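The structure appears below as structure tokens.
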Amino acid sequence: MASDEFQPLQGMADLGPPEVERWAAAEQEARRIFALYGCEEIRTPILERADLFIRSLGGETDVVQKEMYAFEDRGGRALALRPEGTAGVMRYVASKGQDAGDARLFYIGPMFRAERPQAGRRRQFHQIGAELIGAPHPAADAEAIALHAHLLSGWGLQQCRIRINSRGLPEERAAIQSAFRERLLPHRDALCEDCRRRMEANVLRVLDCKNPACQAILADIPPLTDFMSAAARAYLDDVIRHLEALELPIERSPNLVRGLDYYLHTVWEITHPALGAQDALAGGGRYRLQFGGRAVEGVGFAVGVERVMMALEQERPANTAERLPLVWLIAHGTAALAENMRLLQTLRRHQLAARMCLDERSVKAQFRAADRARASHVVVRGETEIQKGVFLLKNLATGEQEEVDMPELMRRLSALRLHEKT
RNA sequence: GUGGCCGUAGCUCAGCUGGCAGAGCGUCAGGUUGUGGCCCUGAAUGUCGCGGGUUCGAAUCCCGUCGGUCACCCCA
């Protein structure tokens, strides 16, 4: 705090030991659940040609226009830090041609958007996402949503709300927007200032305005799906029927809009009450993208890891008092210090995490250090123990201590082993 | 990109009608010459975010800047 030298860039955060453990555990759980659905991991570059995002997300979207970290490299190429994960995966899928026709891929990694930071919004943030490649089929969309919900419940989140809607087909998008604008036009003067601006810039955004006056007007306007083709409506109905069969609680939400241009048909968003203004934990949808002559179709979603952690912290706060599987060695005297150095190595060769104070300090100070490190056990050694060839083993949680020999020490500590040998 | 609030010890913050830089927690040491968490005693620790201005004198007032935070916007 004293100096800028210690601070990361605006909107970027260091992730330290207490949180990193929870992140790693969440990632491990995600990998397990993805495997259940036949999803394999992919890691695409963080840096891509800017053009990739402009073409796939849409050149007029806010993400591309206002939020992308775009710059020229030394060769004058226009590059960008990826603002989301789908475009890179699609580029990969297109490069594989028919070999990736029905690929199921998931990714975990950092994304970048140059926005003003706030609760649940960083400039570098992290997403876990999945893409199920394949032609439009309501069952595929339902399966993607089922996977999405499975992930969140696997992490222990129970208060999520899943809302679903359709974006219609790309060829009818312009017609939907102008029809909607036409219905809104008579009420123009009653709309809030922001919405009057939205009518020109991005008319569908009027739908999620929080202003009560605007919401009252929207109540008299038919849902967005009414402006769509019969085919688009039937597709959404099919997806919902599948989800009902899977007994997944979802809400049909005619006002749900998603900002990326590549979406068509099904879109959904998952919110959580703990999150404040940025309450979307995750979002997804069906998409179609063109790469040269190749079209890539699929359905996918992304989860914001920071937001999941916020929600998780509220639903089930981390237990910071819990002791770690760690043995702390305490020495009384110089000879014991040298002996303990050897014991450290022995313990580690037996897959036991072990530490000690490396300089000579009071026994009391060493106990305090062990407690502060949340060690579960200490082994105390002084002249008497070394002479008798024993170890004083103390359980820090219960306070019990006992003199044991080497084989017994290993037996007592065996439950703490980090990797069981086979 | 726009706006509100904030920036003082490792952490949480007080001090802000200008006049010696503080408290609690934590850390370290001792009380107990071999036992953590509780208690008692003592000690160490600061470019008062940074730069400039006003003043005899600025943590305090003014301007700028950087950062944090919340909201708008947008999204995960």
Side-chain angles (χ1 to χ4, degrees), chain A residues 1-13 57 61-68 83-86 109-129 148 152 192-195 197-198 201-202 204-205 208-211 256-260 267-272 275-285 300-311 321 323 328 330-333 336 361-385 392-401:
Chain A
M1 175 160 274
S3 162
D4 292 347
E5 295 174 49
F6 301 132
Q7 289 177 339
L9 290 172
Q10 181 177 31
M12 316 261 164
L57 310 187
T61 58
D62 278 16
V63 169
V64 165
Q65 287 234 309
K66 305 197 291 200
E67 302 166 5
M68 206 157 66
E84 56 93 62
T86 299
M111 309 294 162
F112 300 84
R113 291 183 201 174
E115 302 175 271
R116 192 84 172 262
Q118 87 189 65
R121 190 169 81 184
R122 299 273 89 100
R123 288 184 165 185
Q124 176 177 335
F125 61 104
H126 298 79
Q127 289 190 335
I128 296 179
H148 202 168
L152 298 168
C192 73
E193 198 183 324
D194 282 337
C195 283
R197 185 180 46 76
R198 287 184 181 115
N202 192 355
L204 297 183
R205 282 287 157 203
D208 46 27
C209 181
K210 285 148 195 140
N211 189 308
L256 177 66
V257 177
R258 295 186 54 76
L260 276 21
V267 289
W268 69 93
E269 194 165 277
I270 301 182
T271 56
H272 191 279
L275 262 43
Q278 308 298 314
D279 67 346
L281 198 80
F301 61 81
V303 182
V305 181
E306 282 83 356
R307 293 183 187 181
V308 166
M309 293 300 155
M310 284 170 76
R323 292 189 179 274
W328 197 280
I330 289 178
H332 182 238
R361 299 163 73 180
S362 71
V363 171
K364 181 181 188 149
Q366 295 181 68
F367 261 94
R368 256 206 296 269
D371 194 49
R372 194 162 5 96
R374 294 193 283 149
S376 62
H377 293 75
V378 297
V379 173
V380 185
R381 296 173 93 195
E383 277 177 41
T384 42
E385 286 81 9
L392 184 64
L393 176 66
K394 179 166 185 172
N395 181 322
L396 282 182
T398 64
E400 293 162 9
Q401 65 178 38

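Both backbone and side-chain heavy atoms feed into the values below; hydrogens, waters and symmetry mates do not. Just so it is clear, the model here is predicted, and its values are computed rather than measured. Lettering of chains follows the sequences in order, A, B, ..., and the numbering in each one begins at 1.
Side-chain to base pairing of S362(A) with G30(B): no donor and acceptor N or O lie closer than 3.5 Å to each other. E115(A) contributes a side-chain N or O that forms a donor-acceptor pair with the base of A76(B) under 3.5 Å. Side-chain atoms of E385(A) and base atoms of G34(B) include a donor and an acceptor less than 3.5 Å apart. Below the 3.5 angstrom threshold, one finds a donor paired with an acceptor across the side chain of R121(A) and the base of C74(B). In this model, a side-chain donor or acceptor of Q118(A) finds a partner on the base of C73(B) within 3.5 Å. Side-chain atoms of Q366(A) and base atoms of U35(B) include no donor and acceptor less than 3.5 Å apart.
A donor atom on one side chain and an acceptor atom on the other are found under 3.5 Å apart for E306(A) and H126(A).
Rounded to whole Å, the C1' atom of A59(B) lies 38 Å from the corresponding atom of G31(B). Nucleotides U12(B) and G18(B) place their C1' atoms 27 Å apart, quoted to the nearest Å. Taking the C1' atom of each, A58(B) and C63(B) are spaced 15 Å apart, rounded to whole Å. Rounded to a whole angstrom, the distance from the P atom of G26(B) to that of G68(B) is 30 Å.
Pairing for U60(B) is absent, with no Watson-Crick or G-U wobble pair whose two atom distances lie under 3.5 Å.
Of all nucleotides listed (A71(B), G36(B), A76(B)), G36(B) comes nearest to the side chain of R323(A). Comparing G68(B), A29(B), A71(B) by their nearest atom to the side chain of A119(A) picks out A71(B). You'll find that the side chain of R368(A) is closest to G36(B), out of G34(B), C73(B), G36(B). The R122(A) side chain lies nearest to U69(B) when the options are C28(B), A76(B), U69(B). The side chain of D371(A) lies closest to G37(B), out of G34(B), G37(B), A76(B). When the nucleotides A76(B), U35(B), A29(B) are ranked by their closest atom to the side chain of L260(A), A76(B) comes out on top. If you check C74(B), A71(B), G31(B) against the side chain of K364(A), the one that comes closest is G31(B).
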Tabulated below should be each protein N or O lying under 3.5 Å from an N or O of nucleotides 2-6 of chain B; please produce it.
{"unit_1": "U2(B)", "atom_1": "O4", "unit_2": "R116(A)", "atom_2": "NH1", "d": "2.8"}

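Among the atoms of the strands shown, none is found under 4.0 Å from any heavy atom of I270(A). Across all strands shown, E269(A) has no heavy atoms under 4.0 Å from either base or sugar-phosphate atoms. In this structure, G120(A) reaches the bases: a heavy-atom distance under 4.0 Å links it to at least one base atom across the strands shown. As judged by a 4.0 angstrom heavy-atom cut-off over every strand, G399(A) is placed among the base-contacting residues. Among the atoms of the strands shown, base atoms are found under 4.0 Å from some heavy atom of V380(A).
Judged by distance alone, the side chain of E115(A) and the main-chain N or O of E67(A) form no donor-acceptor pair under 3.5 Å.
If you measure from atom CG of L396(A) to atom P of G37(B), you get 11 Å, rounded to the nearest angstrom.
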